[in-house]
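Note: hydrogens, waters and symmetry copies are ignored here, and every other heavy atom, side chains too, is used. Residue numbering restarts at 1 for every chain, and letters A, B, ... go by the order of the sequence lines.
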Number of protein chains: 2
Amino acid sequence: MGPMKAPRPQPTRSELSLLRVLWRLGPSTVRAIHDELSREREVGYTTVLKLLQIMTEKGLCARDESRRSHVYRALAGEDETQRQLLGDLLDRAFEGSSKKLVMQALAAQPASKEELAEIRQLLDELSRGEK
Amino acid sequence: MGPMKAPRPQPTRSELSLLRVLWRLGPSTVRAIHDELSREREVGYTTVLKLLQIMTEKGLCARDESRRSHVYRALAGEDETQRQLLGDLLDRAFEGSSKKLVMQALAAQPASKEELAEIRQLLDELSRGEK
DNA sequence: GCATAAGTGCGAAGGCCTTCGTAGATGGGT
DNA sequence: ACCCATCTACGAAGGCCTTCGCACTTATGC
């Protein structure tokens with residue numbers, strides 16, 4: 001048995017909002033991240049900085065200190081994070097039934113016809129694999 | 001415009017775990033809820049009591065005090081709560097795209113063939129309405 | 001070179017969540 | 001009537017999250 005590596009912790013609410021910015025912009029300075037985030041909500045510069053430092057400690061992102069303005073990049077992937085959050089919600093609120101979850105999601109937030117078609121296609125692939 | 005009635009707050013992690021018990025058991029005493037919850041994790045009796053009191057204040061449940069042992073019942077419905085949680089996650093992590101959410105959910109937590117069929121059926125209904 | 005702007009690090013306040021101990025009230029059995 | 005088990009109420013501790021002010025450092029422009 002090798003050493004157990006700590007799984008990436010689940011991002012908190014505000015950490016996730018920073019991750020979303022990072023996913024959108026790619027590696028960025030605090031300044032850039034702050035500016036981008038400020039477009040959707042008011043937030044202090046040092047708040048963003050502090051959060052990024054915490055996220056770096058937790059392994060959610062990494063930073064390049066070679067320049068004076070450090071450059072942060074996400075370590076947590078978007079898909080990985082989404083699946084992590086979904087898995088958690090699945091356990092907490094849907095007794096692990098992804099069918100229930102999917103049906104509630106579709107019922108609550110109707111998707112467009114095109115999107116429904118894409119989902120159907122995925123469904124087909126899954127059924128085939130499942131056969 | 002009538003008076004704005006406060007929307008039901010989103011249940012916290014542990015509130016949700018109590019709601020799940022209430023949904024399963026129906027109206028119950030603290031004792032019964034505690035016993036049931038104890039089957040899955042260790043928790044103090046007064047912890048459950050306190051949480052139920054808080055939930056009552058928040059409007060997540062209501063209690064009948066006509067007997068000495070108060071009887072609690074959920075006010076937040078299961079479907080309603082699930083949709084609320086999904087909606088929140090949708091905003092926070094999926095940029096509001098239910099398609100992305102559904103596809104990640106299906107990819108991450110494969111459902112059985114039967115379940116996939118049920119989902120497909122729902123999809124058909126939605127497509128029809130969407131036409 | 002010096003003032004100013006921009007950047008990082010530190011620490012701490014305040015809020016919410018979770019948990020539970022303890023006190024006091026109430027009912028049941030003998 | 002009394003004792004014990006059961007119940008509710010209250011408060012508070014501790015943890016994590018979020019936010020930011022302040023001090024210090026480092027580049028930039030005149």
Less than 4.5 Å apart, side chain to side chain, heavy atoms only: is that true for [X] and [Y]?
X       : Y       : answer
B:Arg63 : B:Glu65 : yes
A:Ser28 : A:Glu36 : no
A:Leu22 : A:Arg20 : no
A:Arg8  : A:Lys58 : no
A:Gln10 : A:Leu60 : no
A:Met55 : A:Pro11 : no

In whole angstroms, how far is the [atom2] atom of [N] from the [atom1] atom of [X]?
X       : N      : atom1 : atom2 : value
A:Arg68 : D:dT28 : CZ    : P     : 8 Å
B:Tyr72 : D:dA9  : OH    : C1'   : 10 Å
A:Arg67 : D:dT26 : CZ    : C1'   : 16 Å
A:Lys50 : D:dC20 : NZ    : P     : 14 Å
B:Leu52 : D:dC10 : CG    : P     : 16 Å
B:His34 : D:dC7  : NE2   : P     : 11 Å
B:Leu51 : D:dC10 : CG    : C1'   : 16 Å

Residue B:Arg63, side-chain atoms from C-beta onward, closest of D:dC7, D:dA27, D:dA9: D:dA9
Going by atom type alone, with no hydrogens or angles, which donor-acceptor pairs under 3.5 Å involve a side-chain atom of residues 114-123 of chain B and a protein atom two or more places apart or on another chain?
| residue | atom | partner | partner atom | Å |
| --- | --- | --- | --- | --- |
| B:Glu114 | OE1 | B:Ser112 | OG | 3.3 |
| B:Glu115 | OE1 | B:Ser112 | N | 3.1 |
| B:Glu118 | OE1 | A:Lys99 | NZ | 3.0 |
| B:Glu118 | OE2 | A:Lys99 | NZ | 3.2 |
| B:Arg120 | NH1 | A:Asp124 | OD1 | 2.4 |
| B:Arg120 | NH2 | A:Ser127 | OG | 3.1 |

May I ask you to evaluate whether B:Gln53 reaches the phosphate of D:dT8, defined as a side-chain N or O under 4.0 Å from OP1 or OP2? no
With a non-hydrogen cut-off below 4.0 angstrom, is A:Thr47 in contact with a base, only sugar-phosphate, or nothing?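 Base, at least one base heavy atom under 4.0 Å.
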Across the strands shown, which category fits A:Thr46 at heavy-atom distances under 4.0 angstrom: base, sugar-phosphate, nothing?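 Result for A:Thr46 = base.
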Under a criterion of less than 4.0 angstrom to any heavy atom of chain B, what are the 5'-terminal and 3'-terminal contacting nucleotides of DNA chain C? C:dC17 to C:dG27
